[in-house]
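Okay, so here's the structure we're looking at.
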Amino acid sequence: MLTLHLAERSPEAAVLVDGASVAAVGPYDELAASAPGARVRRWPGILTPGLLNPYGPELLEATYHPDPREADTLGTEPIGGARAREILRGDPARLGASARRGVQRMLAHGTVAVAGELRSRVVVDAVRRAGLAVGQRPDRLPGPAALSPTPLILLPRLVQGGPARFAVFDVEDLAELVRRGAGTCVATVIGGRLVYRRR
């Protein structure tokens, strides 16, 4: 089934998706005319190729993402440093579930690819199952590790026949995305599937 994604602030960069691939990229009117039966998804903001987060190991192996059932004792925000090491050392089985929750947080920030050497099999599995691409880590990391790292690293532009992997952010333009960060994500698509949608 064909799906046509349109973001209000970037109608010239609509994306027609066929399965897991990009069937076409271009102005919404042209794509809609070429595929009149396509399902249309309309989003606020701008459609981008999505983000590469270079802090894969730091966010998925060295950070603990609490289960919502642990909110009373651990809170809801990611835990790093010595406290994370203590939690994970006390119960190594927690790493896989934490990594899956961390991947969900990354998807909610428009991340479609991660970088950095992942050493834990359960973390690699979480990344693979989510469909995240694995990219090259930049030589210099500006730090600190974050779900919305500075600077944001956009993937190369979408092309016909390429993977249907992108994110939509509720901002006016790229300058506002840089200023406000990846927390403005409203939708993330990987493999042609909508893997995150802000409610």
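- Side-chain contacts under 4.5 Å among hydrophobic residues (ILVMFWY), followed directly or transitively, place V25 together with V15, V17, V22, W43, L47, L158, F166, V168, V186, V189, L194.
- Checked by atom type and distance alone, the side chain of R137 pairs as donor or acceptor with a backbone atom of P54 at under 3.5 Å.
- Contact detail for L147 and H109: the closest heavy-atom pair is O-CB, 3.6 Å.
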>> Working note: R83 + E86, criterion salt bridge (charged side-chain N to carboxylate O under 4.0 Å, His left out); need CA distance, chi angles, decisive distance, verdict.
In response: CA-CA 5 Å; R83 180 70 176 124; E86 177 186 329; 3.1 Å; yes
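- Side-chain contact check for I87 versus L74: some heavy-atom pair is nearer than 4.5 Å.
- T111 places none of its side-chain heavy atoms less than 4.5 Å from the side chain of T188.
- With contacts defined as side-chain heavy-atom distances shorter than 4.5 Å, the pair Y64/P66 qualifies.
- Residues M106 and L60 meet the side-chain proximity criterion, which asks for heavy atoms closer than 4.5 Å.
- A side-chain hydrogen bond (donor to acceptor under 3.5 Å, both in side chains) with R69 holds for exactly one of D67, D72, T73; it is D67.
- In plain terms, the two heavy atoms of A23 and Q160 that are nearest each other are O-CG, 3.1 Å.
- Linking Ile, Leu, Val, Met, Phe, Trp and Tyr residues whenever their side-chain heavy atoms come within less than 4.5 Å leaves L59 and L152 in two separate clusters.
- For A71, the side-chain contact (heavy atoms from CB on, under 4.5 Å) partners two or more places apart in sequence, or in a different chain, are T76.
- Using modelled atom types, one side-chain atom of D173 and one backbone atom of E176 make a donor-acceptor pair closer than 3.5 Å.
- Of all the heavy atoms in G45 and A7, the pair that sits closest is O-CB, 3.3 Å.
- The shortest side-chain heavy-atom distance between T3 and R41 falls under the 4.5 Å cut-off.
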>> Does D170 form a salt bridge (charged side-chain N to carboxylate O under 4.0 Å, His left out) with R198? I'd like the steps, not just the answer.
In response: CA-CA 10 Å; D170 189 7; R198 187 167 72 193; 3.5 Å; yes
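- In this structure the side chain of N53 reaches within 4.5 angstrom of the side chain of P149, judged on heavy atoms.
- Residue R105 places its CZ atom among more than 12 non-hydrogen atoms of other residues, nucleotides or ligands, all under 6.0 Å distant.
- Screening residues 74-105 for ring pair (Phe, Tyr, Trp, His ring centres under 6.0 Å) gives no qualifying pairs among residues at least two apart or on separate chains.
- The shortest non-hydrogen separation linking A113 to L132 is N-CD2, 3.9 Å.
- In this structure, OG on S21 lies 10.5 Å from CZ on R165, to the nearest 0.5 angstrom.
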> Under the side-chain contact (heavy atoms from CB on, under 4.5 Å) criterion, do F169 and L51 qualify, and how do the steps go?
Replying inline: CA-CA 11 Å; F169 297 90; L51 302 175; 3.8 Å; yes
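- Residues E172 and S10 form no side-chain contact, since every pair of their non-hydrogen atoms from C-beta on lies 4.5 Å or further apart.
- Remark: R128 CZ is packed, more than 12 non-hydrogen atoms of other residues, nucleotides or ligands lying under 6.0 Å away.
- Contacts of R119 classified as side-chain contact (heavy atoms from CB on, under 4.5 Å), with partners at least two apart in sequence or in another chain: E61, E117.
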>> Determine whether R94 and E70 satisfy the following criterion, side-chain contact (heavy atoms from CB on, under 4.5 Å), listing intermediate values before the conclusion.
In response: CA-CA 12 Å; R94 286 175 137 175; E70 300 173 309; 2.6 Å; yes
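- A donor-acceptor distance shorter than 3.5 angstrom exists from the side chain of S98 to the backbone of H65, with no hydrogens or angles considered.
- Side-chain heavy-atom separations under 4.5 angstrom define the hydrophobic clusters, and the remaining members of the one that includes L4 are L2, L6, L16, Y28, L31, V40.
- Closest approach of P49 and R157 over heavy atoms only: CG-CA, 3.8 Å.
- Looking only at side-chain heavy atoms (C-beta outward), E12 and E30 stay at 4.5 Å or farther from each other.
- Nearest heavy-atom pair across T63 and P78 is CG2-CB, 3.6 Å.
- M1 belongs to no hydrophobic cluster, as no Ile, Leu, Val, Met, Phe, Trp or Tyr side chain comes under 4.5 Å of its own.
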